[in-house]
Amino acid sequence: MPDIATALIEWYRENARDLPWRRDGFGAWGTLVSEFMLQQTPVTRVIPHLEAWLERWPTPADLAADAPAEAVQQWANLGYPRRALWLHRAAVEIRDRHDGVVPRDVDDLLALTGIGDYTARAVAVFAYGDRHPVVDTNTRRVIARAVEGRSQPGPPAKADLARMDALLPRDIAASALVNAAAMELGATVCTARTPRCETCPIASACAWRTAGYPDTGDERRRQAPYEGSDRQARGAVLKTLRDAATHEVAQAEVIPTWPDARQRDRAIDSLVVDGLIEAVGGMLRLPR
DNA sequence: AACTCGTGGCC
DNA sequence: TGGCCAAGAGT
């Protein structure tokens, strides 16, 4: 019986989806942009936005040369718009500190705005081919089931990195494939709700299957309700500014009929604090 | 460690 | 129909 890493690689070679960032010579900047967009946003929604973004800003320096307002506008409805601002800041940092070249070193990547444990290693591994554990929500679920015999992973923890590292082969190229394959398996077979265990390439090695698929509980935190939330109000304010021709609107004309005026004002204030909007002379606008 | 932060599709 | 879920990061 082949080990988990070997089975994953073999399966991945036959079953990997054809995604833009897996094309030959896609480039580190494209990888970095794709990873920003993929933070909590589904693949199918990301693809068209990614292609438009890279056509407009083919290098970090191109993005850094424009105002952050342009990044926030181009981000459109991808969600979590702070990512657009952070991606713009990261582009400025890459231009100023790395001569416009996306860094390869994980610590350098971690020092960039908006890049954490996942994105830093994803860039180092998928763009540069280095050997690091890449752990996302898919990988954590695969490890929880196949290795730990649980039905769902616990909340994210630092120990996840060491667990993934233990699964990686020594060979550098093979280790990158195992990282990609674990994510792909979690995304398409070992899914959160209805896993397709009958087609799983590592079923024979899966601890959860061996244990009889027990329900071991779910320690993940539940998402807060969106309807009526501050997030919803912030989204409405920002959409108003994105949709305005000049990306500038009198404050009194921003979602004036919002049911909760105090919540609306709180949303505006927090967007200013975040740097997603600017308040100048009674007007609100995207950041210049 | 727990909480916040968008948006839309799916079953 | 409405929770659940989605290649997380910063505080």
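To find a chain, count down the sequence lines: A is the first, B the second, and so on, and within it residues start at 1.
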Could you tell me which residues satisfy ring-ring contact (aromatic ring centres under 6.0 Å, His included) with A:W57, sequence neighbours excluded, listed by chain and number? A:W53
Pairing of A:R266 and A:D260 as salt bridge, 4.0 angstrom limit: no
With a 4.0 Å cut-off on N to O distance, would you call A:R22 and A:D18 a salt bridge? no
In residues 232-246 of chain A, which ones come under 4.0 Å of DNA chain B, going by heavy atoms? A:R234, A:G235, A:R242
Just how far, in rounded Å, is [atom2] of [N] from [atom1] of [X]?
X: A:Q263; N: B:dT4; atom1: CD; atom2: P; answer: 13 Å
X: A:L85; N: B:dC5; atom1: CG; atom2: P; answer: 16 Å
X: A:R83; N: B:dT4; atom1: CZ; atom2: C1'; answer: 14 Å
X: A:D160; N: B:dA1; atom1: CG; atom2: P; answer: 12 Å
X: A:Q73; N: B:dG6; atom1: CD; atom2: P; answer: 16 Å

Does a side-chain N or O of A:N77 approach OP1 or OP2 of B:dG6 to a distance below 4.0 Å, or not? no
By the 4.0 Å heavy-atom rule, please label [X] as base, sugar-phosphate, or nothing.
X: A:F36; result: nothing
X: A:P225; result: nothing
X: A:R222; result: sugar-phosphate

If you count every heavy atom of other residues, nucleotides or ligands that lies below 6.0 Å from A:D99 atom CG, does the total exceed 12? no
Between C:dA6 and B:dG6, how far apart are the C1' atoms? Round to whole Å, please. 12 Å
Euclidean distance for P, C:dA9 against B:dG8 (whole angstrom): 23 Å
How far apart are the C-alpha atoms of A:R97 and A:D108, what are their side-chain angles, what is the distance that settles it, and do they pass the salt bridge (charged side-chain N to carboxylate O under 4.0 Å, His left out) test? CA-CA 10 Å; A:R97 302 207 297 256; A:D108 288 340; over 6 Å; no
Does one side chain, of A:Y118 or A:E35, offer a donor that lies under 3.5 Å from an acceptor on the other? yes
Just checking, any donor-acceptor pair under 3.5 angstrom between side chains of A:R56 and A:Q74? yes
Given C:dC5, B:dG6, B:dA2, the nucleotide with the shortest approach to the side chain of A:R231: B:dG6
Start with the C-alpha gap between A:R163 and A:D160, add the side-chain angles, then the distance that decides, and say whether salt bridge (charged side-chain N to carboxylate O under 4.0 Å, His left out) holds. CA-CA 5 Å; A:R163 273 188 213 106; A:D160 297 337; 2.9 Å; yes
Just by protein heavy atoms under 4.0 Å, how would nucleotides 6-11 of chain C read 5' to 3' in B, S and -? BBBSS-
Heavy atoms only: give me the nearest A:R131-A:L168 pair and the separation to one decimal. NH2-O, 3.1 Å
Upstream residue (5' side of DNA chain B) when A:T194 and A:D230 are each assigned their closest nucleotide: A:D230
